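Since this is a predicted model, take the numbers as computed values, not measurements. Index from 1, following the sequence. Atom set for the values below is all heavy atoms of this structure, side chains included, hydrogens, waters and symmetry mates excluded.
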Amino acid sequence: MQRTCLAIILAAGESTRMKSSMSKVLHPVAGRPMIAHVVESLVKASISSAALVLGRDADLVKSAAARNDIDLSAFIQTERLGTGHAVLAAKEAIARGYDDILVVFGDTPLITAAPLTAARQGLADGNDVVVIGFKTADPTGYGRLIVENDELLAIREQKDASEAEQKITYCNGGLMAINGAKALELLSRIGNANVKGEYYLTDIVEILRAQGGKAIAVEAPETELTGCNNRAELAAIEAIWQKRRRHELMVSGVSMLAPETVFLSFDTELGQDVLIEPNVVFGPGVTVESGAIIHAFSHLEGAHVSAGATVGPYARLRPGANLGPDSKVGNFCEVKKAEIGAGAKVNHLTYIGDAFVGEKTNIGAGTITCNYDGVNKHVTRIGANAFIGSNSSLVAPVSVGNGALVASGSVITRDVPDDALAFGRARQEIKPGRAKMLRDRYRAEKAAKQKT
């Protein structure tokens with residue numbers, strides 16, 4: 001579509017019902033502010049300019065919405081006098097001259113590009129106003145779309161609807177596209193002769209028709225127009241987003257044994273033939289390549305899992321974890337800012353942080369890279385084909401060479417050369433009979449205390 005378009009994003013609400021210290025549109029869905037989801041859908045609909053109508057937390061909201069592929073301008077709505085008044089807060093932007101004006105809300109993070117594109121196409125087909133609506137089994141509380149011969153005659157609020165109109169299940173979703181050449185003139189004609197004294201954007205339909213213009217409605221799935229007013233609705237939106245994204249991934253070739261227990265982030269990337277077991281959580285910034293397995297009860301954030309690698313169960317990958325092909329991070333292991341080489345194994349009960357682990361190296365159970373001295377983080381480097389015995393502590397900065405072997409229970413504070421064997425533990429001593437002697441003494445002392 002070659003037509004120019006300005007999207008006006010209404011995000012100035014006080015968010016009173018959220019009972020929150022921050023603006024409603026900053027609350028995350030899938031780890032991303034609601035308003036950022038809306039902006040992404042605008043970009044996918046090939047819209048390159050947007051005007052943010054802001055109130056509370058204006059600078060934070062603008063920052064959350066910002067991205068390189070859309071030009072954003074911000075306008076402050078100092079009074080809350082209805083949706084028509086809110087749109088006119090961006091009057092300066094509208095006056096720049098666009099073919100299409102698209103009004104959307106910052107708290108509808110489930111909206112996709114499809115209905116936005118359909119609304120713009122409606123303008124391209126010669127209509128002056130296109131309202132995005134939805135059909136629902138229970139229209140109670142929604143404005144009804146009065147359509148006749150494919151034309152939208154009016155948007156009737158439920159309190160004003162006749163008995164017949166109240167039976168209509170085609171409802172107003174609130175989003176609207178307006179002919180840019182007529183937008184300011186139409187918006188300026190919206191009055192506030194109503195009980196609340198507010199300027200309702202929905203009045204634009206009848207204003208337009210009174211001038212001989214044509215309005216239509218286009219349908220979107222009800223879920224895409226779901227708005228958010230409180231924490232319960234936020235949780236419902238999260239559930240819808242997760243279900244939708246899981247389905248997309250499974251259709252693309254990802255296996256999930258219990259999909260309802262898997263939680264994804266907005267940018268989670270899963271390759272074909274990845275297997276996700278139950279109760280796995282993906283934070284932002286995770287890529288899992290083809291054929292990898294994420295076992296149950298694992299948590300990943302800011303991590304890259306290469307093809308054929310396995311994670312968990314009960315593993316945690318923190319930001320900077322990079323697992324090579326066919327590597328393994330097993331149960332009750334934590335990896336942070338570390339490279340795990342191809343075929344390397346970090347099997348169980350281990351912490352690897354600020355480290356490099358070479359190819360086909362084996363890290364024994366209970367191994368710790370001691371990377372923090374209370375002020376600075378230090379790096380541990382372990383070569384290829386090395387073997388780190390169980391319950392070892394590698395005190396960074398330290399290096400263990402290729403093919404080296406660290407004996408179990410060692411504390412390694414100096415570099416270990418290639419193919420060397422390192423012991424870092426006290427020599428074991430045996431005292432025959434000493435255990436019985438100590439038990440007898442302890443029992444006698446305990447009995448003496450009980451008598452007193």
Under 3.5 Å: donor-acceptor pair, side chain of [X], backbone of [Y]:
X	Y	result
Glu238	Ala30	yes
Arg144	Tyr142	yes
Glu148	Leu153	no
Thr380	Ala355	no
Thr361	Gly383	yes
Thr367	Ile363	no
Ser188	Leu184	yes

Task: Heavy-atom check, side chain of Leu275 versus side chain of Ile294, under 4.5 Å - done: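 Contact flag for Leu275/Ile294 side chains = no.
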Task: side-chain contact (heavy atoms from CB on, under 4.5 Å) partner of Ile8, the single match among Ile94, Leu88, Val104, Leu102 - done: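 Running side-chain contact (heavy atoms from CB on, under 4.5 Å) over Ile94, Leu88, Val104, Leu102 with Ile8 returns exactly one hit, Ile94.
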TODO: Kindly give the heavy-atom pair with the smallest separation between Phe75 and Ala89, and that separation in Å.
DONE: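 Taking Phe75 first and Ala89 second, the nearest heavy atoms are CB-O, 3.5 Å.
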Open item on the list: Which heavy atom of Glu165 sits nearest to which heavy atom of Asp160, and what is that distance?
Closed with: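 In this case the closest contact between Glu165 and Asp160 is OE1-O, 4.3 Å.
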- [ ] Under the salt bridge (Lys or Arg N to Asp or Glu O under 4.0 Å) rule, what do Glu233 and Arg17 come out as? Steps first, then yes or no, please.
- [x] CA-CA 11 Å; Glu233 291 175 354; Arg17 284 175 284 179; over 6 Å; no
TODO: Could you check Arg244, Glu40, Glu224, His37 and say which one makes a side-chain hydrogen bond (donor to acceptor under 3.5 Å, both in side chains) with Thr112?
DONE: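 Only match with Thr112 under side-chain hydrogen bond (donor to acceptor under 3.5 Å, both in side chains): Glu224.
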Open item on the list: For the residue pair Arg246 and Phe263, would you count it as a cation-pi contact if the rule is NZ or CZ under 6.0 angstrom from the ring centre and within 45 degrees of the ring axis?
Closed with: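 Yes - Arg246 lies over the ring of Phe263, closer than 6.0 Å to its centre and within 45° of its axis.
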Open item on the list: For Glu219, is the CD atom crowded, meaning more than 12 foreign heavy atoms sit under 6.0 Å from it?
Closed with: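 Correct, the count exceeds 12.
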